[in-house]
Amino acid sequence: MSFKIIFLSETDSTNRWLKEHGGDEDLLVWTDFQTAGRGCGSNHWESQQGRNLLFSVLLHPRGVEAHAQFILSMANAMALKAALDELTDGIEVKWPNDIYWHDRKLAGTLIETTLSSNHVKTCILGTGLNVNQSAFHSDAPNPVSLCQILGHSTDREALLQHIAHHLSAYMELVEQRRWDDIRGRYRQALYRRDGQPHWFRLPDGSRLLAKLKGVEDGGSLLLVPQDNKHKELRFGFKEIQFII
């Protein structure tokens, strides 16, 4: 699998651009600046113009059932990690699909899918990756960039090519249904899967001290509470928050 790559100097959103202009081919579009870039929910992604990687990939996966679509999120996260592992150590995946360096957020991905006959028809992976931004001014609590980690700038286009290469390889694994390989790598890469108890916040504002056990195939997070080590709790997206 390979992607046609398109560069836009500026756009409102690379995800929205692909929704309007994408067709039947797999396509990657990247830009220097998004006027309406966003993260999950109502979150805004801070990015100085021309400093970072802002890109979206349109995929047409074959044979991925709707109930198993989290495999696409896992594959994307592992492709990002593989490319970043070439530059630094300490890269982990914070469930469900953020890329962390130690306790700081390096990248995030917004995933949007369409379904047809209980299968994924299209998948758009919209990623913001902090590359050469040296300072952050938004209220985001813990951003970090490759520039801050490495102490020097990184060629954004070369890095994008590496990411595209790894994503292509992982999508081949998806289409070959080598899903256990992807899931195994993803689970080994999980942030805070260190066997130690950590604090999490529940939707009602209360806190939970628990160990991260893993992630189910469908994407649910598995935690074991510290006060009841024989109990296993499952959480879907937005049902639990990491306290950093």
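It should be emphasised that the depicted structure is a prediction, and the values quoted were computed from it without experimental measurement. We number each residue from 1, following the sequence as shown.
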**Request:** Kindly check if the number of other-residue, nucleotide or ligand heavy atoms within 6.0 Å of CZ (Arg16) is above 12?
**Result:** no

**Prompt:** Near Asn228 CG, under 6.0 Å, is it more than 12 heavy atoms from other residues, nucleotides or ligands?
**Reply:**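 Correct, the count exceeds 12.
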
**Derivation and outcome, side chain to side chain donor-acceptor pair (under 3.5 Å), residues Tyr191 and Asp98** = CA-CA 9 Å; Tyr191 171 70; Asp98 287 339; over 6 Å; no

**Prompt:** Quick one: are Val29 and Ile5 in side-chain contact, heavy atoms under 4.5 Å?
**Reply:**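 In short, these two side chains do not touch, never coming nearer than 4.5 Å.
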
**Request:** Calculate, to the nearest 0.5 Å, the distance between atoms CG and OG1 belonging to Leu146 and Thr154 respectively.
**Result:**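 Those atoms lie 5.0 Å apart.
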
Determine whether the side chains of [X] and [Y] contain a donor N or O and an acceptor N or O closer than 3.5 Å.
{"X": "Gln69", "Y": "Thr113", "answer": "yes"}
{"X": "Glu86", "Y": "His166", "answer": "yes"}
{"X": "Ser56", "Y": "Asn15", "answer": "yes"}
{"X": "Asp32", "Y": "Gln49", "answer": "no"}
{"X": "His60", "Y": "Asp24", "answer": "no"}

Any Lys/Arg nitrogen of [X] or [Y] sitting under 4.0 Å from an Asp/Glu carboxylate oxygen of the other?
{"X": "Glu232", "Y": "Arg234", "answer": "yes"}
{"X": "Asp217", "Y": "Arg187", "answer": "yes"}
{"X": "Glu92", "Y": "Arg193", "answer": "no"}
{"X": "Arg177", "Y": "Glu65", "answer": "yes"}

**Prompt:** Going through the distances and angles, do Arg192 and Tyr100 end up as a side chain to side chain donor-acceptor pair (under 3.5 Å)?
**Reply:** CA-CA 10 Å; Arg192 287 192 172 172; Tyr100 264 50; over 6 Å; no

**Prompt:** Where is the tightest heavy-atom contact between Val144 and Leu106, given as atom of each residue plus distance?
**Reply:** O-CD1, 3.4 Å

**Message:** Below 30° counts as parallel, above 60° as perpendicular, anything between as tilted: where do the rings of Phe70 and Tyr186 land?
**Reply:**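 Plane angle over 60°, so perpendicular.
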
**Request:** Step by step, work out the side chain to side chain donor-acceptor pair (under 3.5 Å) result for Thr31 and Thr11.
**Result:** CA-CA 7 Å; Thr31 185; Thr11 186; over 6 Å; no

